[in-house]
Amino acid sequence: MSFPAVRPRRLRRTETLRRMVSETRVARDDLALPLFVVEGRGIHEAVASMPGVFRFSVDALASEAKLVADLGIPAVLLFGIPAVKDARGSGADDPGGVVQRAVAAVKQAAPELCVITDVCLCEYTDHGHCGIVENGEVVNDASLERIAAAALSHARAGADVVAPSDMMDGRVGAIRRTLDTSGFEQVPILAYAAKYASAYYGPFRDAAESAPAFGDRRAYQMDPSNRREALREMRLDLAEGADLLMVKPALLCLDVLADARREFDVPIAAYQVSGEYAMIHAAAERGWIDGPRAMDEALLSIKRAGADLILTYAAKDVAARMRG
Ligand code: PBG
Ligand code: ZN
């Protein structure tokens, strides 16, 4: 049967009908909000390239955490920006470091909020790379020890989930072993499993002061031309003990998200990265698109492609707009 007997428009005629047959919905429970934490006191400073995004000092984080929890958002993803950086990223596993204190502050202010920590060295290294540099190259195995130490210090500080974003080979296994031998076998790993070397991380690097001082990240992050390789990365991270898999940048990777959903049974997360967020805001500021609608549509598409969880800087705006 086809036209004129079949008319798909019949089910699009009214708002109620559309609601009834809607296949995908983004819920508050699907969202997690990334937060940047800096040293200092009373700091709540805007990130120029990301309207609506701020950098908080640890003392200013409590009220933000309560706001997030009151909006019904279940999780935050913390990024620490230390005052001092060095070659080995010493701040990354400092028990008194900025992110470690931030974890404690958020847990105290909003105990039910799930605190995920980004585990990487780039915010803490003076060269801005995600691992240890030797002879101008990011060396893999020497980086693992530092990354695992950072993850352990986050768990000790009270992190509910650790999320390695460095893309070194074997980091998930190294973190899992370190956590398990230190009494943190219950702390899940959210692996940035398919993370592409993307131009869309630009605004983030301003916010986190983590741009590489030389070269770029293409020797460890994935080539955007590769789709099959994403499955390989995800399979490896699962074998090493990842509990959740992340794909990023989200809207640029809808094919990879769909692959991941079809191939694996674990929850799939997608990161709508800084550049995706900034583009929507920039166009909306110029009056070129309807910002809230463009944002909702982007998140809906990410969910439709297969994401269970969406990390987005728009989490508060989106949650505040939701009905009921
Ligand atoms: C750190 C990290 C980055 C992002 C998340 N963790 C930046 C990078 O890899 O250069 C990007 C997030 C964003 O752009 O919003 N490794
Ligand atoms: Zn990094």
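Being a predicted model, the structure only gives us computed values, none of them experimental. Note that ligands are numbered from 1 as they come in the structure, with each ligand's atoms numbered from 1 the same way.
Expressed to the nearest 0.5 Å, how far CG of Asp86 lies from OG1 of Thr125 amounts to 8.5 Å. Leu78 contributes atom CG, which lies 9.5 Å from atom CG of Asp118 (distance to the nearest 0.5 angstrom).
Side-chain atoms of Arg28 come within 3.5 Å of backbone atoms of Ala319 as a donor-acceptor pair (strictly under, hydrogens ignored). The backbone N or O of Phe204 sits less than 3.5 Å from a side-chain atom of Ser274, completing a donor-acceptor pair.
Note on ring orientation: taking the six-membered ring where Trp is involved, the planes of His129 and Tyr220 are perpendicular (angle over 60°, cut-offs 30° and 60°). Using cut-offs of 30° and 60° for the angle between ring planes, the Phe54 and His44 rings count as perpendicular.
Applying the 4.0 Å criterion to heavy atoms of Tyr271 picks out, from ligand 1, the atoms 12 (C), 15 (O). For ligand 1, the atoms closer than 4.0 angstrom to any heavy atom of Cys122 are 1 (C), 16 (N). Counting atoms of ligand 1 from 1 in the listed order, those under 4.0 Å from a heavy atom of Phe79 are 5 (C), 6 (N).
For atom 6 (N) of ligand 1, the nearest non-hydrogen atom of the protein is Asp118 OD2, 3.3 Å. Scanning the protein for heavy atoms near atom 3 (C) of ligand 1, the closest one is Phe204 CE2, 3.4 Å. Closest to atom 14 (O) of ligand 1, if we only count protein heavy atoms, is Ser274 OG, 2.7 Å. With respect to atom 4 (C) of ligand 1, the closest heavy atom belonging to the protein is Lys248 NZ, 2.7 Å. At the shortest separation from atom 9 (O) of ligand 1 among protein heavy atoms lies Lys195 NZ, 2.7 Å.
With 3.5 Å as the limit, one finds a donor-acceptor pair spanning the side chains of Tyr313 and Tyr271.
In terms of N/O distances under 3.5 Å, ligand 1 is approached by Ser165. Below 3.5 Å of separation, one finds no N or O of Gln272 facing any N or O of ligand 1. At least one N or O atom of Tyr313, backbone or side chain, sits closer than 3.5 Å to an N or O atom of ligand 1. Considering both main-chain and side-chain atoms, Asp166 never comes within under 3.5 Å of ligand 1 through any nitrogen or oxygen pair.
Seen from the ring of Tyr201, Lys248 counts as a face-on cation partner, given the 6.0 Å and 45° thresholds.
Put simply, no part of Met167 is less than 4.0 Å from ligand 1, judged by heavy atoms. Residue contact annotation: Gln221 has a non-hydrogen atom under 4.0 Å from ligand 1.
Of the angles at the Zn ion (ligand 2), the one spanning SG of Cys122 and SG of Cys120 is 120° when given to 10°.
For Arg321, the CZ atom counts as densely surrounded, since its 6.0 Å shell holds more than 12 non-hydrogen atoms of other residues, nucleotides or ligands. Crowding of Glu112 atom CD: a count of heavy atoms from other residues, nucleotides or ligands under 6.0 Å exceeding 12.
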